[in-house]
**Student:** 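Pasting in a structure now, in structure tokens, and then I'll have a few things to ask.
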2 protein chains.
Amino acid sequence: MREKIYVHVADDHKILIEGIMAVINTDEEIEVRDYSLTGQEVIDWFDNNENKADVLILDITMPVLDGFEVLKYFKKNKINQKVIILSSYDDVKIVQEVLNLGCKGYISKNNAGVHIVKAIKAVAKGQQYFSDDIQGILLQSLSGEMVPQGEMPDKFLLDSLTERELDVLKLITKQYSTAEMADFLNLSVNTVETYRKSLLKKLNVKNAVGLAMYAVKNNIV
Amino acid sequence: MREKIYVHVADDHKILIEGIMAVINTDEEIEVRDYSLTGQEVIDWFDNNENKADVLILDITMPVLDGFEVLKYFKKNKINQKVIILSSYDDVKIVQEVLNLGCKGYISKNNAGVHIVKAIKAVAKGQQYFSDDIQGILLQSLSGEMVPQGEMPDKFLLDSLTERELDVLKLITKQYSTAEMADFLNLSVNTVETYRKSLLKKLNVKNAVGLAMYAVKNNIV
DNA sequence: ATAGTACTCACTGAAAACAGTGAGAAGGTT
DNA sequence: AACCTTCTCACTGTTTTCAGTGAGTACTAT
């Protein structure tokens, strides 16, 4: 009979812990032994507990001590704890930083359900594991480029927009088509078209992308 | 025999939906009928579905359309849908805004487990319900104090982009048309079209605006 | 009363974007 | 040698966006 894999889960959202437990406990090989709601709790648990966990599922953002601090603690004390990061942050820098801190797996919360069990088993065996979206981010980072930006948002232009134009602008940034906007706003397609053209003219851009970029620059989204 | 309360859950994190289902389904009176991963899906579901839900559990931050937009849609179309917000944001302004938009309950994700069932039953009966931490925030807001809150970027699935795809993506954000890009990159119009379509598919967005917004979020521009 | 602005809608025509399919060449990997 | 990825291009057809013009209603300010 194969030995069980013991897991400790750390996340400040209890509901998410319950979700993970529900998913993990469908697998006979894995058992969630305990959980923590803050980084401090994690460290305390590993300090004062004989029943260490084989794998630690760790959130980045937690009160008291975040995931980074927990990883640093393990590294500092040369504790060879296998850690899988479960995070909403799909940023390259964060992924690279936790890898430097010795974590063995990284799963985006967006699709944790399909990855968590596989990840635990892989990491327990000493392998690494990354969900496919994280893999993509790591690959992309190899051909990265940085372009700094610096422009003043144009208050005059922004003020000149009417309520309806702002409605349309916001929906455009959410990828609505004209027909969809008309439906949503209970307006004629022609009317929405009018606002769209008015926006193009007022903001002096050539297409919907220009509108979206303007909206971003001026924190309308 | 008492009638069941039918619930629809909307959150962009599947794992959280699974957690909620696990908790809710312990109660015989409540049944989760369906779920959505984006605001758009929620609206589509309520548009095209005979089996409406009694209560909608709604996350604020979702791709495509966020919780605010969903509430606005209900309000605009005079749909009297009972909504409980399930959110990580414990900010007064947000709570007040969703209340203005007609939502009947607000639960913090931090302690959703103990509140969700009670909240559903209360709201289904036409009452309001707020988890105790939210109540505290509302009370605190009456005695004037502001506590700024952090941010949670919600990025989603990413396949790795090729060099050429990145070239095209960058030019799209600069409002280049396909023909202009072809000229600039010394490529056929058809070729640029191919990259454009490939980007739409890989990044799972529906138009050039979606591509631009993705580029912004991921600091490609 | 008049002028201005916002809101609403219609019509036409051209340009661009989107969708689907197929396919050859070059390069690297196993 | 077989395979995979990327890059390149073509063809067809539909949908959406963009451009220009015109026009009625309502409310506000002078």
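Within every chain, numbering begins at 1; the chains are lettered A, B, ... in the order of the sequence lines, protein sequences first and strands thereafter.
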**Student:** Closest nucleotide of DNA chain D for B:Lys197 versus for B:Arg164: which of these residues is on the 5' side?
**Tutor:** B:Arg164

**Student:** Within less than 4.0 Å of OP1 or OP2 of D:dA10, is there a side-chain N or O belonging to B:Asn190?
**Tutor:** yes

**Student:** Report yes if at least one side-chain N or O of A:Thr191 is closer than 4.0 Å to OP1 or OP2 of C:dA10; otherwise report no.
**Tutor:** no

**Student:** Report yes or no: does A:Gln81 contribute a side-chain atom to a donor-acceptor pair with the main-chain N or O of A:Ala53 at less than 3.5 Å?
**Tutor:** yes

**Student:** Which nucleotide wins on minimum distance to the side chain of B:Leu187, given the candidates D:dC9, C:dA16, C:dC9?
**Tutor:** D:dC9

**Student:** Take the angle between the ring planes of B:Trp45 and B:His8 and call it parallel below 30°, perpendicular above 60°, tilted in between.
**Tutor:** tilted

**Student:** Could you point out which residue of B:Lys197, B:Arg196, B:Lys202, B:Lys170 forms a salt bridge (Lys or Arg N to Asp or Glu O under 4.0 Å) with B:Glu165?
**Tutor:** B:Lys202

**Student:** Within the pair B:Thr178 and C:dA16, is there a side-chain N or O less than 4.0 Å away from OP1 or OP2?
**Tutor:** no

**Student:** Between D:dT8 and B:Tyr195, is there an OP1 or OP2 to side-chain N/O distance shorter than 4.0 Å?
**Tutor:** yes

**Student:** So, B:Lys109 and B:Asp11, do they make that salt bridge, N to O below 4.0 Å?
**Tutor:** yes

**Student:** Closest approach to the side chain of A:Arg196, judged atom by atom: which nucleotide of C:dC11, C:dC7, D:dT17 is it?
**Tutor:** D:dT17

**Student:** Between atom CD in B:Glu163 and atom C1' in D:dT8, what is the gap in whole Å?
**Tutor:** 16 Å

**Student:** Contact class for B:Ala179 vs. all strands (heavy atom < 4.0 Å): base, sugar-phosphate, or nothing?
**Tutor:** nothing

**Student:** Nearest whole angstrom, please: distance from the P of C:dA19 to the NZ of B:Lys206.
**Tutor:** 9 Å

**Student:** Are any of the side-chain nitrogens in A:Glu180 or A:Lys174 under 4.0 Å away from the carboxylate oxygens of its partner?
**Tutor:** no

**Student:** For the pair made of CD in B:Glu180 and P in C:dA15, what is the distance, rounded to whole Å?
**Tutor:** 14 Å

**Student:** Answer with yes or no whether B:Thr194 presents, from its side chain, a donor or acceptor under 3.5 Å of a partner atom in the base of D:dC9.
**Tutor:** yes

**Student:** I need the CG-C1' distance between A:Leu200 and C:dA15, as an integer number of Å.
**Tutor:** 13 Å

**Student:** For B:Glu193 and C:dA15, what is the distance between atoms CD and P respectively, to the nearest whole Å?
**Tutor:** 16 Å

**Student:** Below the 4.0 Å mark, does C:dC7 have OP1 or OP2 next to a side-chain nitrogen or oxygen of A:Thr162?
**Tutor:** yes

**Student:** Rounded to the nearest angstrom, tell me the gap between atom CG in B:Asn207 and atom P in C:dA15.
**Tutor:** 22 Å

**Student:** What integer distance in Å separates A:Tyr176:OH from D:dT15:C1'?
**Tutor:** 19 Å

**Student:** Please give, in whole Å, the distance from C:dA6 C1' to A:Asp167 CG?
**Tutor:** 13 Å

